[in-house]
Amino acid sequence: MKKIALFAVVALTTSCITVTAQKLNKTSMKKVLFIVTSHDKLGNTGEKTGFWTEEFAAPYYELLDKGVVIDIATPLGGQPPIDPKSTDPSAATPDTKRFDSDTELLAKLKNTLKLVDINESDYDAVFYPGGHGPLWDLVNDKNSSALIEAFYTNNKPVAFVCHSPAVLKNVKVNGEFLVKGKKVTGFSNTEEAAVGLTDIVPFLLEDALQENGAIYSKVADWNPYAVVDGLLITGQNPASSKLVAEKLLNQLNSKK
């Protein structure tokens, strides 16, 4: 009887330790929401747009490889459009090549969640990849704006790169533009001119942020640059994608 009782105690103790470890692991595991455009038309040019592969892939793998759980959502749900120019061999990076052969991620992208179904409380942070698509849909998406406000007011990081800081254009917190008085960056006017789309995009990101009171800064075109102002993290261009993810990861790790 003593042996049976001892075995029962050991079994119960082991079970409790396992359950506790699982709870601790679940508690420490960070979860980030990626919000991606559903828009695929580049103004009235007849050309296609969408999200920029590098600006999705580099942050995705930077976070994934550090144990972060990632969900992907779009305004319409399902497969988000990829800007065809971002798949050109000249734009390839180790991360985009990994993306191209990542069957698990490609399948995940075909089944993105709908923004309307997303609850901020399920995540520790939100990240927006760029590409020109967000200038047309996410900028005016009320679900997107509400989520950004919810993340921010609940002390959770909000991160953007390249064109996606434009999504902040209509976001307000306590009646004021979120970017007012904040240090930010994003795709510059000179970079937009360099790709020949100044007269195609609905507005210039650099100008729009400044009009809403942001303290905008930039470095030379196409160089990596990211700015952190409290919970707000922004990157200037595709080359800044991994840098933004690193800064986001630092914030996540500081919130134990």
Side-chain angles (χ1 to χ4, degrees), residues 35-56 58-59 74-75 80-86 88 91 126-142 144-145 148-149 152 158-173 176-229 232-241 243-244 247:
I35 296 182
V36 183
T37 182
S38 290
H39 186 86
D40 68 350
K41 295 179 177 62
L42 188 62
N44 297 317
T45 64
E47 296 181 23
K48 294 293 185 180
T49 188
F51 73 86
W52 196 262
T53 306
E54 182 183 6
E55 295 165 25
F56 177 95
T74 58
I82 299 174
D83 191 310
K85 292 180 181 177
S86 72
D88 188 275
V126 65
F127 171 77
Y128 283 73
H132 282 89
L135 295 174
W136 277 275
D137 65 348
L138 288 172
V139 169
N140 301 305
D141 190 292
K142 292 182 179 179
S144 171
S145 295
I148 294 171
E149 180 183 2
Y152 192 83
V158 291
F160 309 81
V161 68
C162 200
H163 281 91
S164 71
V167 176
L168 293 163
K169 184 175 185 287
N170 298 314
V171 178
K172 292 185 176 181
V173 173
E176 295 277 9
F177 287 114
L178 188 154
V179 299
K180 185 177 180 180
K182 301 288 193 311
K183 296 176 182 177
V184 300
T185 188
F187 205 61
S188 66
N189 289 353
T190 51
E191 286 168 323
E192 200 69 80
V195 297
L197 295 176
T198 300
D199 297 325
I200 303 300
V201 293
F203 61 90
L204 293 174
L205 180 156
E206 179 180 336
D207 292 348
L209 292 175
Q210 290 178 318
E211 286 167 6
N212 286 350
I215 304 168
Y216 178 90
S217 61
K218 60 184 177 181
V219 294
D221 292 358
W222 317 119
N223 281 276
Y225 183 58
V227 174
V228 178
D229 191 328
L232 179 60
I233 306 168
T234 50
Q236 182 176 328
N237 47 39
S240 311
S241 301
L243 185 57
V244 169
K247 293 183 181 299

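Positions are given from 1 along the sequence.
In this structure, Glu47 pairs ionically with Lys85, as a charged nitrogen and a carboxylate oxygen lie closer than 4.0 Å. Salt bridge Asp40/Lys48: present, at least one basic N to carboxylate O contact under 4.0 Å.
With values rounded to the nearest 0.5 angstrom, Glu55 atom CD is found 7.5 Å from Phe127 atom CZ. Separation of atoms CD1 (Ile35) and CZ (Phe160) is listed at 8.0 Å; rounding is to 0.5 Å. For the atom pair CG of Leu204 and CG of Leu135, the computed distance is 9.5 Å after rounding to the nearest 0.5 Å. Expressed to the nearest 0.5 Å, how far OG1 of Thr45 lies from CG of Asp199 amounts to 12.5 Å. Here the CG atom belonging to Asp221 is positioned 10.0 Å from the CG atom belonging to Asn189, to the nearest 0.5 angstrom. If you take CG on Leu138 and OG1 on Thr74, they are separated by 9.0 Å, rounding to the nearest 0.5 Å.
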As a quick check of understanding, evaluate side chain to side chain contact (heavy atoms under 4.5 Å, CB included) for His132 and Leu197, giving each step before the final call. CA-CA 10 Å; His132 282 89; Leu197 295 176; 3.4 Å; yes
Side chain to side chain contact (heavy atoms under 4.5 Å, CB included) between Ile233 and Val158, intermediate numbers included: CA-CA 6 Å; Ile233 306 168; Val158 291; over 6 Å; no
With side chain to side chain contact (heavy atoms under 4.5 Å, CB included) as the criterion, how do Glu192 and Val201 come out once you've worked through the C-alpha distance, each side chain's angles and the decisive distance to 0.1 Å? CA-CA 9 Å; Glu192 200 69 80; Val201 293; 4.0 Å; yes
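Looking at every heavy atom in both residues, Pro129 comes nearest to Ser164 through O-CB, 3.3 Å. For the pair Pro81 and Thr49, the tightest heavy-atom approach, listed with the atom from each and the gap, is CB-O, 3.7 Å. Closest approach of Ala193 to Thr198, counting heavy atoms only: CA-OG1, 3.3 Å. Of all the heavy atoms in Ala166 and Val139, the pair that sits closest is O-CG2, 3.5 Å. The minimum heavy-atom distance between Gly235 and Pro165, with the atom names listed, is O-CG, 4.3 Å.
Residues Ser38 and Pro80 are not in side-chain contact: their nearest non-hydrogen atoms beyond the backbone lie 4.5 Å or more apart. Using a 4.5 Å heavy-atom threshold, the side chains of Val184 and Val227 count as separate. Counting heavy atoms from C-beta outward, Ile82 and Phe56 have side chains that stay 4.5 Å or more apart. With contacts defined as side-chain heavy-atom distances shorter than 4.5 Å, the pair Lys169/Glu211 does not qualify.
A donor atom on one side chain and an acceptor atom on the other are not found under 3.5 Å apart for Ser145 and Asn170.
Looking at Lys182, its side chain does come within 3.5 Å of a backbone N or O of Leu178 through a donor-acceptor pair. Checking side-chain atoms of Asp229 against main-chain N and O of Leu232 turns up no donor-acceptor pair under 3.5 Å. A distance-only check finds no donor-acceptor pair linking the side chain of Gln236 to the backbone of Gly186 [under 3.5 Å]. In this structure a side-chain-to-backbone donor-acceptor pair under 3.5 Å is present from Ser240 to Tyr225. In terms of modelled atom types and a separation under 3.5 Å, the side chain of Asp83 and the main chain of Gly131 share no donor-acceptor contact. Using a distance-only test at 3.5 Å, with no hydrogens or angles considered, no donor-acceptor pair links the side chain of Asp88 to the main chain of Ser86. With hydrogens and angles ignored, the 3.5 Å screen pairs a side-chain donor or acceptor of Glu191 with a backbone N or O of Ser188. Between the side chain of Glu206 and the backbone N or O of Tyr216 there is no donor-acceptor pair closer than 3.5 Å. Between the Thr185 side chain and the Thr234 main chain, no donor and acceptor come within less than 3.5 Å of each other.
Ring planes of His39 and Trp136: parallel class, angle under 30° (limits at 30 and 60°).
Aromatic ring centres of Phe187 and Trp52: separated by at least 6.0 Å.
Counted within 6.0 Å of CG on Asn44, heavy atoms from surrounding residues, nucleotides or ligands total 12 or fewer; the atom is thus considered open.
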